[in-house]
Amino acid sequence: MISYSNYYDVVVVGAGHAGIEAALVSARMGAKTLLLTIYIETIAQMSCNPAIGGLAKGCLVKDIDALGGEMGKCIDATGIQFRILNKKKGPAVRSSRAQADKKLYRLYMTDKLMNTENLFVKQAVVTDILAKNGEVIGVECDTGYMFTCKSLVLTTGTFLNGLIHIGDKRYQAGRANEFASTHLSDSLKNLGFDLQRLKTGTPARLHADTINWDVLEEQKGDNPPEPFSFETESVPLKQVSCFIAHTNEKTHEIIRNNMHRSPLYSGVIQGIGPRYCPSIEDKVKKFPDKSRHQIFLEPEGLDTKEIYANGFSSSLPIDVQIAMYRSLVGLENVEFIRPAYAIEYDFVQPTELYPTLETKKVKGLFFAGQINGTTGYEEAAAQGIVAGINAVLSIDKRSFTLGRDESFIGVMIDDLVTKGVDEPYRMFHSRAEYRLLLREDNAEFRLIDKGYAIGTISASRYNRFLSEKEMLERCLADLSSLRLTGNDDLKSFMSNIGINLDRGYSLLELLKRPEVEIDVIKKFLPPYPEKILNFASIRVKYEGYIKKQEDDAKKLIKIEKIKIPEDIDYSRIVGLRREYVEKLNAIKPKTLGQALRIKGMTPAAVSLLHIYIKSNNHD
């Protein structure tokens, strides 16, 4: 083993979406950072769908951006179709989504990593985590090099003992034709971690010239496209359409007749797959009454013929895959560029982590991404930025956490470390009890102060935000002070929606009416940017609901402030049942609030815990 001459503050293993954010934020905070990846050429590879965002996932990307992360800027620079989902619904459930040119996305991130100060990128396979006296000290690679460090962030994706399935064919790989990381799984086991298995899958990639686009339903993007990053003014690339196809009874018959050949149903695959993003076999099996399923045909870039068949993942044999794809209208002559496959991989229950994403077993070792039981680029990147921040702060015995009332990132991490997972975890709006407070549009208002305090937000960006914040307050003041009587045309419009302008109304009063949108009254205001007007409109129209959620959040904060002593002996709490003692010892919650959210924990048990803390002068 050759000890490498350079010593690093932080080493990040894996250059997927989690590893990228971890490495960039670490270097930007001034830490000497090393990023190790199996292949330089597959940095930021979009292993599955060529898209960023989606329901609730878009909120994660906005949170990442407000903390100084890169994902939002990258998709803005490389996106080829942008859409706001749930646009007709309330702001609490709206989310951004964009198709990416996956090659340009990868090149953008590679360039960013290679040209960031304090960040060094090397190609190597990590085979062993080195620890001494319960603390991480470095990693060993297949090259024989040992890289020493103070903190280590592990972002392994699906590479930990990855096993690919295509019918009865299976082989070890982290992605198609990329070898798996098996020695690293052994290293984690030797450190005392209990590895479990999960499964995910990806559909076939189709050749665009073999699809009959004329018979398919076109799905266009928003015009103009709305960027992800708060710093992006416009998107540069040509925008394209996606298309929708449907399975049919013939498709389902092919699948039913070959179900015994699926490793999912033959017992070969042991890992648990995501129930919200099932394979086509699962859909047909679990929804027998459904006559068809939507398939979204999404381009993988502007200069490629590859088409991603979203909603059509499978682990069936190649011959069955070809038959079922060609059973769709418009795909009768389709040719594969790459087949669909399923992949199993190792992960560690995230209850083995603190809310900082540091492991409880090894000090200075952080996990982020699919190793924590999550799925999705956005979930991985969000964990990556938090793990990277804490990898740096932990060197000086500091930490960074986000609450459930502060961000979708806080909701996700709290869910993971408190409840663990029994299937690949995906973010949903419904997981956030304060989702009206955690909207996409106000991510900077919630998080930019935190990013600026830890050095991930530049002074110029922060000053721009302060200017916009001041502008919003002026806009709200104008809405409150300006009164409107109006001309005959305006009176007539207002009369049709039940408003008599003869007595006069403030603009604020009018905007509170559900029938009145900001576009109707903005001409009576000084000229404000659209984003300020939209933000003001949400603040006014949802004022009562926002106030209620803020009050509810304050109640949560009260119990979150009650710390649980690290040296507490739960077995000494009179009346606390053994099953609760075991749960508390396993999770090691930091606060009463976290204890209350442990799966199976009752309010009565937490009340006993609270009384015990108070009686021992800890409260």
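For clarity, every value in this text was computed on a predicted model and none was experimentally measured.
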Are [X] and [Y] side-chain neighbours, meaning at least one heavy-atom pair lies under 4.5 Å?
| X | Y | value |
| --- | --- | --- |
| C59 | S95 | yes |
| I395 | S151 | yes |
| T42 | E178 | yes |
| Q594 | I587 | yes |
| Y434 | E406 | no |

Quick one: do S187 and D128 satisfy side chain to side chain donor-acceptor pair (under 3.5 Å)? Show the steps, please. CA-CA 5 Å; S187 180; D128 201 10; 2.6 Å; yes
Is the closest side-chain donor-acceptor distance between [X] and [Y] under 3.5 Å?
| X | Y | answer |
| --- | --- | --- |
| E560 | T591 | yes |
| Q370 | T375 | no |
| E358 | S394 | no |
| D449 | Y462 | yes |
| Q99 | R97 | yes |
| T202 | R205 | yes |
| Q383 | N372 | yes |
| T232 | D76 | yes |

Grab the two heavy atoms, one from [X] and one from [Y], that are nearest each other, plus how far apart they are.
| X | Y | result |
| --- | --- | --- |
| F228 | G53 | CZ-CA, 4.1 Å |
| L184 | V126 | CB-O, 3.9 Å |
| L198 | P424 | CD2-CD, 3.8 Å |
| P278 | S313 | O-OG, 3.8 Å |
| G69 | R28 | C-NH1, 4.4 Å |
| E300 | Y308 | OE2-CB, 3.5 Å |

[X] (side chain) donor-acceptor with [Y] (main chain) under 3.5 angstrom:
| X | Y | answer |
| --- | --- | --- |
| K169 | I166 | no |
| Y377 | N49 | yes |
| R435 | A432 | yes |
| T37 | I40 | no |
| T456 | L67 | yes |
| D569 | S571 | yes |
| D65 | F230 | yes |
| T374 | A380 | no |

Can you establish whether the number of heavy atoms outside H183 located under 6.0 Å from its atom NE2 is more than 12? no
Should we say atom NZ of K103 is surrounded by more than 12 heavy atoms from elsewhere, each under 6.0 Å from it?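 Counting other residues, nucleotides and ligands, NZ of K103 stays at 12 neighbours or fewer.
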Kindly assign one of parallel, tilted or perpendicular to the pair Y39 and F179, based on the angle between their ring planes and the thresholds 30° and 60°. perpendicular
Tell me whether the rings of F193 and F367 are parallel (<30°), tilted (30 to 60°) or perpendicular (>60°). tilted
Spacing of [atom1] belonging to [X] relative to [atom2] belonging to [Y], to within rounding of 0.5 Å:
| X | Y | atom1 | atom2 | value |
| --- | --- | --- | --- | --- |
| L357 | T401 | CG | OG1 | 10.5 Å |
| F366 | T155 | CZ | OG1 | 13.5 Å |
| L592 | M601 | CG | CE | 11.0 Å |
| I137 | L130 | CD1 | CG | 5.5 Å |
| Y452 | I448 | OH | CD1 | 10.0 Å |
| M412 | D63 | CE | CG | 9.0 Å |

Under the 6.0 Å and 45° cation-pi test, does R431 pair with F408?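 No; the conditions do not both hold, so R431 does not lie above the ring face of F408.
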Is NZ or CZ of K590 both nearer than 6.0 Å to the six-membered ring centre of Y354 and within 45° of the ring axis? yes
Can S96 and E440 be said to form a side chain to side chain donor-acceptor pair (under 3.5 Å), step by step? CA-CA 8 Å; S96 301; E440 279 195 350; 2.8 Å; yes
Please lay out, stage by stage, how T127 and E140 fare under the test side chain to side chain donor-acceptor pair (under 3.5 Å). CA-CA 6 Å; T127 56; E140 185 178 353; 5.1 Å; no
With a 4.0 Å cut-off, would you call D9 and K32 a salt bridge?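 Not counted as a salt bridge, because no side-chain N and carboxylate O are separated by less than 4.0 Å.
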Should D415 and R597 count as an ion pair when the cut-off is N to O under 4.0 Å?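 Salt bridge: no.
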Show your reasoning for whether salt bridge (charged side-chain N to carboxylate O under 4.0 Å, His left out) applies to E379 and R426. CA-CA 7 Å; E379 288 86 348; R426 176 181 175 176; 5.0 Å; no
Could you point out which residue of K360, K588, K361 forms a side chain to side chain donor-acceptor pair (under 3.5 Å) with E352?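 Among the candidates, only K361 passes.
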Which residue in the set T116, N390, T33, N118 passes side chain to side chain donor-acceptor pair (under 3.5 Å) when paired with S26? T33
Given D346, which of R197, K199, K189 fulfils the salt bridge (charged side-chain N to carboxylate O under 4.0 Å, His left out) condition? R197
Would you list the atom pairs, donor with acceptor, under 3.5 Å between side chains in residues 106-113 and any protein atom, with sequence neighbours excluded?
unit_1: R106; atom_1: NH1; unit_2: E41; atom_2: O; d: 3.1
unit_1: Y108; atom_1: OH; unit_2: E70; atom_2: OE2; d: 2.6
unit_1: T110; atom_1: OG1; unit_2: R106; atom_2: O; d: 2.7
unit_1: D111; atom_1: OD1; unit_2: N115; atom_2: ND2; d: 3.0

